[in-house]
Amino acid sequence: PPGPVVNPSVTETTHSTISLTWTAPANNGGSPIIGYLVECKRTDTTDWIRCNVPRNLQETNYTIQNLIDKAEYQCRISAVNKVGFGEPVEVPGKHAAKDIIVAPEAELSAELKEGLELHAGSTMRLQATIKGRPTPKITWAKMNTNIKDRQGIVIKSTNTDTMVMVENVNRYDAGKYILNLDSLAGMKMYTIVVKVLG
C-alpha cells in the first residue's frame with residue numbers, strides 16, 4: 001500500500017465544516033494512488049467515521065461537512081491504491097467547527113492616510129482594501145453634506161475592496177470623507193481629508 005500523506009493541516013473552519021489540506025505521499029507503494037480517505041471523530045468518542053469515498057477524492061484537500069457547531073474533532077487521512085489503504089496520518093491537534101471572526105479593517109494607501117491633495121478638474125479616487133469576517137457592511141459619508149448629492153459620484157464596493165470616484169473635482173469636493181465598516185465582529189471608522197487646489 002502507499003506511504004503516509006505528508007503535512008496534513010486545517011486551512012479553514014466554519015460552524016459546520018473543517019477544511020483540510022495535505023501533500024501526496026513520497027512513496028505510492030509501487031502502484032498509483034487512486035484517492036484519499038478522510039476520517040474524523042469527535043474528540044470525546046473512539047470511533048473514526050469515514051467522510052468520503054476514496055476513489056472520488058483525487059485532490060489533496062477536502063472539506064468535512066455537517067459538523068456540530070463548536071464541537072471538537074480529530075481528523076486523519078490515508079492514501080489509497082489498488083493494493084489497499086496506507087497508514088492514516090492524523091492532523092495535529094484538536095479542531096473545533098466554529099466560525100472564524102475577524103474584526104473589520106481597511107487598508108488605505110499612505111497618500112490617503114496623510115490627506116489627498118488634488119487639482120481642480122482632476123479625478124478623485126478614494127480606495128481601500130477591506131478585511132474582516134463576516135464581510136463588513138461598507139458605507140461612505142462626507143462631513144456636513146450628503147455624499148450622494150454629488151452629481152456623478154461613483155461608489156463601488158466588493159467583498160474585498162471599495163472605491164469612491166469623482167471626476168472633474170471642484171472646491172466643493174474638498175472636505176472629510178468617512179469610511180465606515182460594520183459587522184458583528186466590530187466597527188471601524190476611517191477619515192480621509194481631501195484638499196482641492198486651484
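Position 1 is the first residue of the sequence, and the numbers go up from there. Worth saying up front: this structure is predicted, and the values here are computed from it rather than measured.
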(request) For Cys51 and Ile64, work out which heavy atoms get closest and say how close. (result) SG-CG2, 3.9 Å
(request) Find the distance between CD (Gln74) and NE2 (His95) and round it off to the nearest 0.5 Å. (result) 9.0 Å
(message) Testing the basics here: between Ser78 and Val5, what is the closest heavy-atom pair and its distance to 0.1 Å?
(response) C-CG1, 4.4 Å
(message) Using modelled atom types and a 3.5 Å cut-off, is there a donor and acceptor pairing between side-chain atoms of Asn52 and backbone atoms of Val38?
(response) yes
(request) Report yes if the side chains of Pro4 and Asn27 come closer than 4.5 Å at any heavy-atom pair, otherwise no. (result) no
(request) Keeping the roles fixed (side chain from Asp99, backbone from His15), state whether a donor-acceptor pair exists under 3.5 Å. (result) yes
(request) Quickly, which of Asn159, Ile138, Thr135 forms a side chain to side chain contact (heavy atoms under 4.5 Å, CB included) with Ile130? Name it, please. (result) Ile138
(request) Answer yes or no: is there a donor N or O on one side and an acceptor on the other, between the side chain of Asn56 and the main chain of Gly35, under 3.5 Å? (result) no
(message) Quick one, Val164 and Ile155 - any side-chain contact, counting heavy atoms below 4.5 Å?
(response) yes
(message) For Lys195, I'd like to know if atom NZ has over 12 heavy atoms of other residues, nucleotides or ligands within 6.0 Å.
(response) no
(request) Taking the side chain as every heavy atom from C-beta outward, state whether Thr11 and Asn61 have any pair of such atoms under 4.5 Å apart. (result) no
(request) Give the intermediate values and the outcome of side-chain contact (heavy atoms from CB on, under 4.5 Å) for residues Leu181 and Thr162. (result) CA-CA 11 Å; Leu181 306 179; Thr162 182; 5.8 Å; no
(message) Quick check: closest heavy atoms across Val83 and Pro1, and the distance to 0.1 Å?
(response) CG1-N, 3.8 Å
(message) Quick check for you: to the nearest 0.5 Å, what is the distance between Met163 atom CE and Thr158 atom OG1?
(response) 10.5 Å
(message) Is there a path of hydrophobic side-chain contacts, each under 4.5 Å between heavy atoms of I/L/V/M/F/W/Y residues, joining Leu37 to Ile33?
(response) no
(message) Against Tyr36, only a single residue in Tyr62, Trp22, Phe85 fulfils ring-ring contact (aromatic ring centres under 6.0 Å, His included); can you say which?
(response) Trp22
(message) Go through it in stages, so that I can follow the logic: the residues are Leu197 and His119, the test is side-chain contact (heavy atoms from CB on, under 4.5 Å), and I'd like the CA-CA distance, side-chain angles, deciding distance and then a yes or no.
(response) CA-CA 5 Å; Leu197 314 170; His119 289 280; 4.1 Å; yes
(message) Check this for me: does any side-chain nitrogen of one of Arg150 and Asp173 sit under 4.0 Å from a carboxylate oxygen of the other?
(response) yes
(request) To the nearest 0.5 Å, tell me how far Met124 CE sits from Leu116 CG. (result) 8.0 Å
(message) Does any part of the side chain of Val10, heavy atoms only, come nearer than 4.5 Å to the side chain of Val91, both counted from C-beta?
(response) yes
(message) Would you compute the distance between atom OG1 of Thr160 and atom CD of Glu107 and round it to the nearest 0.5 angstrom?
(response) 11.0 Å
(request) Nearest 0.5 Å please: distance from the CD atom of Glu105 over to the NZ atom of Lys188. (result) 5.0 Å
(request) Evaluate the side-chain proximity of Val80 to Arg55: yes if any heavy-atom separation is below 4.5 Å, no if none is. (result) no
(message) For Asn144, I'd like to know if atom CG has over 12 heavy atoms of other residues, nucleotides or ligands within 6.0 Å.
(response) no
(request) Could you walk me through whether Val196 and Tyr172 pass the side-chain contact (heavy atoms from CB on, under 4.5 Å) test, one step at a time? (result) CA-CA 8 Å; Val196 178; Tyr172 296 110; over 6 Å; no
(message) Taking Leu57 as the starting point, is it possible to reach Trp48 by hopping between hydrophobic residues whose side chains are less than 4.5 Å apart?
(response) no
(request) Say whether Leu179 and Val193 are linked into one hydrophobic cluster, either directly or through other cluster members, by side-chain heavy-atom distances under 4.5 angstrom. (result) no
(message) I'd like to know whether CE of Met165 has more than 12 heavy-atom contacts from other residues, nucleotides or ligands below 6.0 angstrom.
(response) yes
(request) State whether the side chain of Lys142 and the backbone N or O of Ala174 hold a donor-acceptor pair below 3.5 Å, judged by distance alone. (result) yes
(message) Quick check for you: to the nearest 0.5 Å, what is the distance between Thr14 atom OG1 and Leu67 atom CG?
(response) 8.0 Å
(message) Quick check: closest heavy atoms across Ile147 and Trp140, and the distance to 0.1 Å?
(response) CG2-O, 3.6 Å
(message) With clusters defined by side-chain heavy atoms of hydrophobic residues (ILVMFWY) lying less than 4.5 Å apart, directly or transitively, does Leu20 cluster with Ile68?
(response) yes
(message) Using only atom types and a distance under 3.5 Å, with no angle test, would you say the side chain of Thr13 pairs donor to acceptor with the backbone of Lys98?
(response) yes
(request) Answer yes or no: is there a side-chain heavy-atom contact under 4.5 Å between Ser122 and Val169? (result) yes
(request) Of all the heavy-atom pairs spanning Ser183 and Pro136, show the shortest one and how long it is. (result) CB-CA, 3.9 Å
(request) Report yes if some heavy atom in the side chain of Asn180 is under 4.5 Å from a heavy atom in the side chain of Met187; otherwise report no. (result) yes
(request) Show your reasoning for whether side-chain contact (heavy atoms from CB on, under 4.5 Å) applies to Ile178 and Met189. (result) CA-CA 7 Å; Ile178 295 147; Met189 257 169 104; 3.5 Å; yes
(request) Locate the shortest heavy-atom distance separating Ala128 from Ala106; write the atom from each residue and the value. (result) CB-CB, 4.2 Å
